[in-house]
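Okay, structure first, notes after.
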Amino acid sequence: MRIIRYLKGNEKQLAAVTNENEAADLPFSDFMSLIAKAREDNKTVFDIVKQIVGESEKLPLENLQLTTPIDAPEVWASGVTYKKSREARNYEATQGKLDRETFYDKVYDAVRPEIFFKSTSARTVGPDDPVYLRSDSNWQIPEPELGLVIDKDGKVLGYTAGNDMSCRDIEGENPLYLPQAKVWKNSCSIGPAIVLAETVSDPYEFQIICRIYRDEELVFYGDAQVSQLKRTLDELVQYLVLDNQIFDGTVLLTGTCVVPPNEFTLAENDRIEIEIPGIGILNNPVVQSQQVGQAAKG
């Protein structure tokens, strides 16, 4: 069962998507209100939604203007959780020489995973919204990832798709620059839907697909399976909530295993599609930030 939000006049409307790609409005202001109702009634979220959908008018999904499926108070992300990510980070850190072990090798093999802060609701965009290119970077890529929607106790409520935009040159220059390589306006997108956790038998079976279009021609395609993760999803959540205050509706991105070629960088007017079958396609056009100053020029 997929949960979406769309613009209904000037308001955001929560809805469920049927197997026929029709949307049925849900009488809740947001995703966490739906969760709260299920807990109050001691029912599964699926049962609550199924009953409402059976009694509701249906709308064609393609006619709706989707927004982020949840206003995530915080988005966190995991790094170096796939072998491909380790290889890409090592390439950056050694300027392509790959002639030594780096701290990324240590993180990949360590007990403790890399968890970092990525975004807030104000910085996070949804389907068809633009993602921005950082003005002081010349090597930028999308990072397609499975996102976990969790509550304040770390329980996984659902799954979504996410784009952890990344500046490979900034991170490669110095690992202490990670926040600047990861966090800026419109540098994170999530959506187009949340799949209820109780309806997913095995999240490791999710496939993650990334397509990048330039002048509407496909210039990159890559795909991976969540089963290629070095760590478990539970492990990542446990380290996020350990001695930390997490808020209902937080999203944890779980790392990427789809990386464009080293010579590739995003350009203005590119278009990114991140697809997780069963969740949907997260589409975002690419826009160059206009805040280019002397510091950015170097």
Taking the six-membered ring of Tyr108, is the NZ or CZ of Lys230 close enough (under 6.0 Å from the centre) and on axis enough (within 45°)? yes

Heavy atoms of other groups near Glu11 CD, more than 12 under 6.0 Å: no

After noting the C-alpha distance and the side-chain angles of Val149 and Val156, does the key distance pass the side-chain contact (heavy atoms from CB on, under 4.5 Å) rule? CA-CA 6 Å; Val149 181; Val156 177; over 6 Å; no

Verify the cluster assignment for Val200 and Leu148: are they in a single hydrophobic cluster under the rule of side-chain heavy atoms below 4.5 Å apart? yes

Is it true that a side-chain atom of Lys118 and a backbone atom of Met165 form a donor plus acceptor pair closer than 3.5 Å? yes

Do Val107 and Tyr82 sit in one hydrophobic cluster, given that two such residues count as connected whenever their side-chain heavy atoms are within less than 4.5 Å of each other, even indirectly? no

Taking all non-hydrogen atoms of both residues, which atom of Ala16 and which atom of Met1 are closest, and how far apart? CB-SD, 4.1 Å

Return yes if some donor-acceptor pair links the side-chain N/O of Asp30 with the main-chain N/O of Met32 below 3.5 Å, else return no. yes

Crowding at OH, Tyr177 (>12 non-hydrogen neighbours, <6.0 Å): no

Hey, could you give me the CG/CG distance between Asp128 and Asn283, rounded to the nearest 0.5 Å? 5.0 Å

Would you say that Ile170 contacts Gln140 through its side chain, given a criterion of any heavy-atom pair below 4.5 Å between the two side chains? no

Would you call Glu22 and Lys58 a salt bridge, taking side-chain N to carboxylate O under 4.0 Å as the test? no

Ignoring hydrogens and angles, tell me if any N or O in the side chain of Trp139 forms a donor-acceptor pair with the backbone of Asn262 under 3.5 Å. yes

Smallest heavy-atom separation, Gly278 atom then Val195 atom, equals O-CG2, 3.1 Å

Any donor-acceptor N or O pair under 3.5 Å, side chains Tyr104, Asp109: no

Counting only N and O atoms by type, is there a donor-acceptor contact under 3.5 Å from the side chain of Asn186 to the main-chain atoms of Pro130? yes

Does CG belonging to Asp202 count more than 12 external heavy atoms closer than 6.0 Å? yes

Any side-chain to backbone donor/acceptor pair from Thr120 onto Glu74? Under 3.5 Å, distance only. no

Ignoring hydrogens and angles, state whether a donor on the side chain of Asn284 or Ser189 is under 3.5 Å from an acceptor on the partner side chain. yes

Report the C-alpha distance between Leu282 and Ile272 in whole Å, list the side-chain angles of each, state the deciding distance to 0.1 Å, and finish with yes or no for side-chain contact (heavy atoms from CB on, under 4.5 Å). CA-CA 8 Å; Leu282 177 60; Ile272 304 163; over 6 Å; no

Rounded to the nearest 0.5 Å, how far does OG of Ser166 lie from CD of Glu171? 5.5 Å

For Asp169, is there an ion pair with Arg134 - N to carboxylate O distance below 4.0 angstrom? no

Rounded to the nearest 0.5 Å, how far does CD of Glu143 lie from OG of Ser187? 11.0 Å

Scanning both residues in full, the closest heavy-atom pair of Ser78 with Phe116 reads C-CE2, 4.0 Å

For Leu240, does its backbone N or O pair with a side-chain atom of Asn244 as donor and acceptor, under 3.5 Å? yes

Side chain Gln228, main chain Gln225, donor-acceptor under 3.5 Å: yes

Give the minimum heavy-atom separation between Gly249 and Ile70, together with the two atoms involved. CA-CD1, 3.6 Å

Check whether more than 12 heavy atoms from other residues, nucleotides or ligands sit under 6.0 Å from atom CG of Asp41, and answer yes or no. yes

Asp215 side chain vs Glu217 backbone, donor-acceptor pair below 3.5 Å: no

Euclidean distance, Ile281 CD1 relative to Ile276 CD1, rounded to 0.5 Å: 11.5 Å

Within the supplied structure, the quantity of interest is the number of heavy atoms (other residues, nucleotides, ligands) at a distance under 6.0 Å from Glu216 CD; does it exceed 12? yes

State, with a plain yes or no, whether a side-chain heavy atom of Thr102 is found less than 4.5 Å away from one of Thr94. yes

Find out whether Phe31 and Leu26 are in side-chain contact, i.e. whether some heavy atom of one side chain is under 4.5 Å from a heavy atom of the other. no

side-chain contact (heavy atoms from CB on, under 4.5 Å) for Tyr221 and Ile209? Distances and angles first, verdict last. CA-CA 7 Å; Tyr221 174 92; Ile209 301 167; 3.5 Å; yes

Which atom of Gly154 lies closest to which atom of Val237, heavy atoms considered: O-CG1, 3.2 Å

Going from CG on Leu252 to CG on Leu146, what distance comes out if it is rounded to the nearest 0.5 angstrom? 9.0 Å

How many angstroms lie between CH2 in Trp184 and OG in Ser289, if you round to the nearest 0.5 Å? 10.0 Å

Considering only NZ, NE, NH1 and NH2 on the basic side and carboxylate oxygens on the acidic side, decide whether Arg89 and Glu87 come within less than 4.0 Å. no

Sidechain-backbone polar pair: Lys152 side chain, Gln245 backbone, donor-acceptor under 3.5 Å: no

Answer yes or no: is there a side-chain heavy-atom contact under 4.5 Å between Pro69 and Thr160? yes

Between the side chains of Glu275 and Arg211, is the shortest nitrogen-to-carboxylate-oxygen separation below 4.0 Å, so that they form an ion pair? yes

Neighbour count >12 (heavy atoms, 6.0 Å) for atom CD, Glu57: no

Is the Lys NZ or Arg CZ of Arg271 less than 6.0 Å from the centre of Tyr213's six-membered ring, within 45° of the axis? yes

Do the side chains of Val45 and Val49 get nearer than 4.5 Å, heavy atoms only? yes

Do Ile150 and Leu157 pass the side-chain contact (heavy atoms from CB on, under 4.5 Å) test, and can you show the C-alpha distance, the side-chain angles, and the key distance before you say yes or no? CA-CA 5 Å; Ile150 63 176; Leu157 306 173; 5.8 Å; no

Distance-only, no hydrogens or angles: does the Glu145 side chain make a donor-acceptor pair with backbone N or O of Gly255 under 3.5 Å? yes

Work out which heavy atom in Ala161 is nearest to a heavy atom in Ile279; give both atom names and the distance. N-CG2, 4.0 Å

Val226 and Ile115: same hydrophobic cluster, using ILVMFWY side-chain contacts below 4.5 Å? yes

